[in-house]
Novice: 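Just passing along the structure, written as structure tokens.
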Amino acid sequence: VELHRSEFSLLRGVVHPNLLRVFDYGLHRENETLRPYYTSELIEGESLRAWARGKRWGQLTPPLIAALHGLAFVHRLGIRHGDVAPENILVRADDSAVLIDFSASRRLGETDEEVASGRPGFLAPELLEGGGDLRADLFAFGVTLKRLEPELSGGLPRDVSAVAKALTRANPRQRPSSVEELCLSL
């Protein structure tokens with residue numbers, strides 16, 4: 001219940017074309033169990049992974065840049081997404097993208113008392129040690145690029161592979177420090 005409430009409270013009032021918009025939060029009683037829910041806009045699209053199959057790198061850049069615009073927006077609000085992955089980027093028919101699933105998100109400076117949450121293989125090393133800032137999302141974006149490579153016709157260009165490698169460095173101080181810096185390198 002608290003996880004859903006936290007996700008909703010982080011997204012409430014946030015309006016950006018590349019972020020899921022939420023409207024209402026509530027609890028539904030099912031037998032003796034309270035089930036949390038929130039309502040959101042309907043995004044008609046498919047996951048970036050499914051959408052990318054058979055496409056070339058140049059076709060992939062518009063939805064990736066759109067997702068990065070959404071990520072930069074939440075970063076400016078002081079929020080780390082926590083689960084950037086191809087399955088959490090939905091691509092619409094017009095090739096725009098929406099970043100979804102903020103269930104692992106945290107406000108900057110908020111420490112995790114519990115085990116780090118997020119998608120295995122996409123979690124930055126510093127998150128597993130109880131730390132992490134915005135660069136943890138950039139790490140996950142680098143993993144996203146690497147995971148999309150086999151789906152693409154022709155793979156990733158050499159310079160993009162180098163960016164993905166830089167984003168997934170173990171030491172966060174050796175990664176790009178912001179989405180804006182990352183966009184310049186793409």
Side-chain angles (χ1 to χ4, degrees), residues 1-52 63-145 147-148 172 178-179:
V1 171
E2 195 52 43
L3 183 63
H4 281 87
R5 187 184 329 259
S6 174
E7 180 177 6
F8 177 78
S9 69
L10 284 172
L11 292 174
R12 181 182 45 216
V14 173
V15 179
H16 189 279
N18 305 115
L19 297 174
L20 179 71
R21 188 166 180 199
V22 300
F23 302 115
D24 196 17
Y25 174 85
L27 295 171
H28 171 73
R29 184 174 298 281
E30 189 176 308
N31 297 321
E32 295 300 313
T33 306
L34 285 177
R35 303 233 185 248
Y37 70 90
Y38 63 81
T39 59
S40 68
E41 70 178 311
L42 173 65
I43 306 295
E44 293 188 35
E46 60 185 320
S47 76
L48 180 62
R49 182 185 305 279
W51 183 87
L64 285 175
I65 295 297
L68 286 171
H69 284 298
L71 187 61
F73 187 79
V74 295
H75 283 180
R76 285 191 300 275
L77 296 175
I79 299 169
R80 178 176 45 81
H81 182 275
D83 198 14
V84 175
E87 291 73 23
N88 288 338
I89 299 170
L90 297 183
V91 183
R92 295 179 172 129
D94 66 358
D95 295 346
S96 65
V98 177
L99 188 58
I100 64 167
D101 190 357
F102 282 73
S103 60
S105 62
R106 298 286 182 273
R107 292 208 178 275
L108 288 181
E110 200 175 272
T111 56
D112 246 344
E113 304 280 323
E114 303 169 14
V115 176
S117 60
R119 194 172 307 266
F122 289 77
L123 288 171
E126 62 271 20
L127 292 177
L128 299 173
E129 297 168 1
D133 60 15
L134 303 175
R135 289 172 290 194
D137 282 343
L138 300 182
F139 179 94
F141 190 82
V143 175
T144 295
L145 290 174
R147 298 281 174 96
L148 288 172
S178 69
V179 171

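Being a predicted model, the structure only gives us computed values, none of them experimental.
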Novice: Using a 3.5 Å distance criterion without hydrogens, assess whether the side chain of H81 forms a donor-acceptor pair with backbone atoms of L134.
Specialist: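 Looks like no, no N/O pair under 3.5 Å.
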Novice: If you round to the nearest 0.5 Å, how far is CG of L71 from CD1 of I65?
Specialist: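 Atom-to-atom, I65:CD1 and L71:CG are 11.5 Å apart.
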Novice: Is there a donor-acceptor pair closer than 3.5 Å between any side-chain N or O of N18 and the backbone N or O of A97?
Specialist: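 The answer is yes, because a donor-acceptor pair under 3.5 Å joins these two groups.
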Novice: A side-chain contact here means heavy atoms from C-beta on lying under 4.5 Å apart; do L64 and F141 qualify?
Specialist: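 With C-beta onward as the side chain, the pair touches.
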Novice: Between H28 and Y37, is the ring centre distance below 6.0 Å?
Specialist: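 So the answer is no for these two rings.
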Novice: Please name the pair of heavy atoms, one in L148 and one in A52, separated by the smallest distance, quoted to 0.1 Å.
Specialist: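 Closest approach of L148 to A52, heavy atoms only: CD2-CB, 4.1 Å.
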Novice: Can you give me the closest heavy-atom contact between I43 and L20, atom names plus distance?
Specialist: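 Distance-wise, the nearest heavy atoms are CG1-CD1, 3.8 Å.
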Novice: Grab the two heavy atoms, one from E41 and one from F23, that are nearest each other, plus how far apart they are.
Specialist: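 Shortest heavy-atom separation between E41 and F23 comes out as N-CE1, 3.2 Å.
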Novice: Using 30° and 60° as the class boundaries, would you call the ring planes of F73 and H16 parallel, tilted or perpendicular?
Specialist: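 Judged by the thresholds at 30° and 60°, the geometry between F73 and H16 is tilted.
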Novice: Quick one about N31 and T33 (side-chain donor to acceptor, distance below 3.5 Å, no hydrogens or angles considered), yes or no?
Specialist: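 No, N31 and T33 have no side-chain donor paired with an acceptor closer than 3.5 Å.
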Novice: Only one of L68, D137, V74 passes side-chain contact (heavy atoms from CB on, under 4.5 Å) with V179; say which it is.
Specialist: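 It is L68; the other options fail the test.
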Novice: What is the distance from atom CZ of R21 to atom CG of L42, rounded to the nearest 0.5 Å?
Specialist: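 Answer rounded to 0.5 Å: 14.5 Å.
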Novice: Of all the heavy-atom pairs spanning F139 and F122, show the shortest one and how long it is.
Specialist: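 Heavy atoms of F139 and F122 come nearest at CD2-O, 3.5 Å.
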Novice: Can you tell me if N88 uses its side chain to pair, donor with acceptor, with the backbone of D83 under 3.5 Å?
Specialist: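 Pair found, side chain donor or acceptor close to backbone of D83.
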